[in-house]
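Lettering follows sequence order; numbering is per chain, from 1.
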Protein chains: 2
Amino acid sequence: MDPTKTNERSKTPKEAIRQAATELFAASGYAATGVRAIAAQAGVDPALVIRHFGSKEALFLETMRLEGPFLQIVTGPLDGMGERIVRYVLESGSESMGPIFVHLLRASDSEVVRAHVRNAVEDLYVEPVSRRLEGDEASLRARLVAAQIAGLITTLWVVPDPELTAANPGRLARIYGAAIQNIIDGR
Amino acid sequence: MDPTKTNERSKTPKEAIRQAATELFAASGYAATGVRAIAAQAGVDPALVIRHFGSKEALFLETMRLEGPFLQIVTGPLDGMGERIVRYVLESGSESMGPIFVHLLRASDSEVVRAHVRNAVEDLYVEPVSRRLEGDEASLRARLVAAQIAGLITTLWVVPDPELTAANPGRLARIYGAAIQNIIDGR
DNA sequence: CATGTTTGTCAACGCTGTTGACCGTCACGT
DNA sequence: ACGTGACGGTCAACAGCGTTGACAAACATG
């Protein structure tokens, strides 16, 4: 097979598959991305995809990881943290985190995917926020902050509300940030 | 075919299909429910399902409609409305609305499904709330209330957080309700 | 009674994720 | 140097999916 055809810059075929999967899953989601399409873009036999990663689902999980510098937001001062969180979410929509969250939610039929998301949200959002909160029921309140973030993401990108996606980010951050701050402060 | 086998109480086959689809979709969601399974439970040929409803997706949309007495909550006094909303959502989880929302979100790959959800949320939540809100940017704030509701549903049933599903509903309603009320009141 | 329309049936299509059988290549112990 | 596993890769095939074309039966309408 001609090595200069598609992804000549990736050394090992396994890496080529991983990269192709990352791009295609991020672009089209789990259901709409076929194993044969991934294999084609990687310049590889479809069977090899399964051989290397066990299943389409396992490859999806290994590829779509939730990461991001959210910890920086949460290490700042408690004051105005709600607004900073909203601003961070709005910015992260253009880059990697937004679509990944969307596709993971849409694939949450599977219990394995749910556990994947649950763990990521726990480590990335709940735990750091919970550690910073003062007052009673810090863990519960941190989870409700995470729920508010999930709601924003859902309304912006999972089932986009045109009037919300077109809204002034500043106003969004002020209004929704205040609601988040309400839980952060704890009445 | 033996009429006493599965759904003898439904008159027309089309109605039997609709009923079987409602049950199976609500129980297992879009992806995990096959056309052949629906046909089997309705005691009908698989092809007939498509003949009558056009496609599996169309049947899914016709079956999974978001409805509920949410308007009653929103016609009450503005004071304490946030808490009433949360209580309503928590109760509606056991019955029909919760799972339907979950399965619709998980099927939101398709633009048709997204439009379906968008319209339902608009008519059922955004419009009534927006009509009641006082102050500036009533529409925007109503959409952010809807976002908070979506977030609660997501964290409770789409990717369930065990600590949240096990939490005292009263505390949940008080804390999260206050955050919603923050947007309702508009600072 | 003839005719057109709806209602239902059957087999098949092209697609999907996955696997069993097979082949080539490399490293290693004797 | 030679056999011998182990590993990476290929091919054809499987069972299941949603959907459709061809056709039959049942009905309403002129």
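Within 3.5 Å, a donor on the side chain of Arg51(B) pairs with an acceptor on the base of dG21(D), or the reverse. The base of dG16(D) lies outside donor-acceptor range of the side chain of Arg36(B), with no N or O pair under 3.5 Å.
Going from atom CG of Leu24(A) over to atom P of dG17(C) covers 12 Å, rounded to whole Å. Residue Glu57(B) contributes atom CD, which lies 12 Å from atom C1' of dG18(D) at whole-angstrom precision. Rounded to whole Å, the distance from CG on Asp45(B) to P on dA12(C) is 14 Å. One can place CG of Leu59(B) at 14 Å from C1' of dT19(D), the figure rounded to the nearest angstrom. Distance, Phe53(A) CZ to dT18(C) P: 13 Å, rounded to whole Å. To the nearest angstrom, P of dG17(C) lies 13 Å from CZ of Phe60(A). If you measure from atom CG of Leu48(B) to atom C1' of dG21(D), you get 16 Å, rounded to the nearest angstrom. One can place CD1 of Ile17(A) at 10 Å from C1' of dG9(D), the figure rounded to the nearest angstrom.
At a cut-off of 3.5 Å, with distance as the only test, a side-chain donor of Arg106(A) or Ser108(B) sits close to an acceptor on the other residue.
Ion pairing of Glu23(B) with Arg18(B) is absent here, as no side-chain N (NZ or NE/NH1/NH2) approaches a carboxylate O to less than 4.0 Å. Arg118(B) has a carboxylate O that lies under 4.0 Å from a charged side-chain N of Glu111(B), or vice versa, which qualifies the two as a salt bridge. With respect to the salt-bridge test (charged N to carboxylate O, under 4.0 angstrom), the residues Arg87(B) and Glu91(B) do not qualify.
For His52(B) and dT6(C), the shortest distance from a side-chain N or O to OP1 or OP2 is not below 4.0 Å.
Comparing atom distances between the Val35(A) side chain and each of dG9(D), dG18(D), dT18(C) picks out dT18(C) as nearest.
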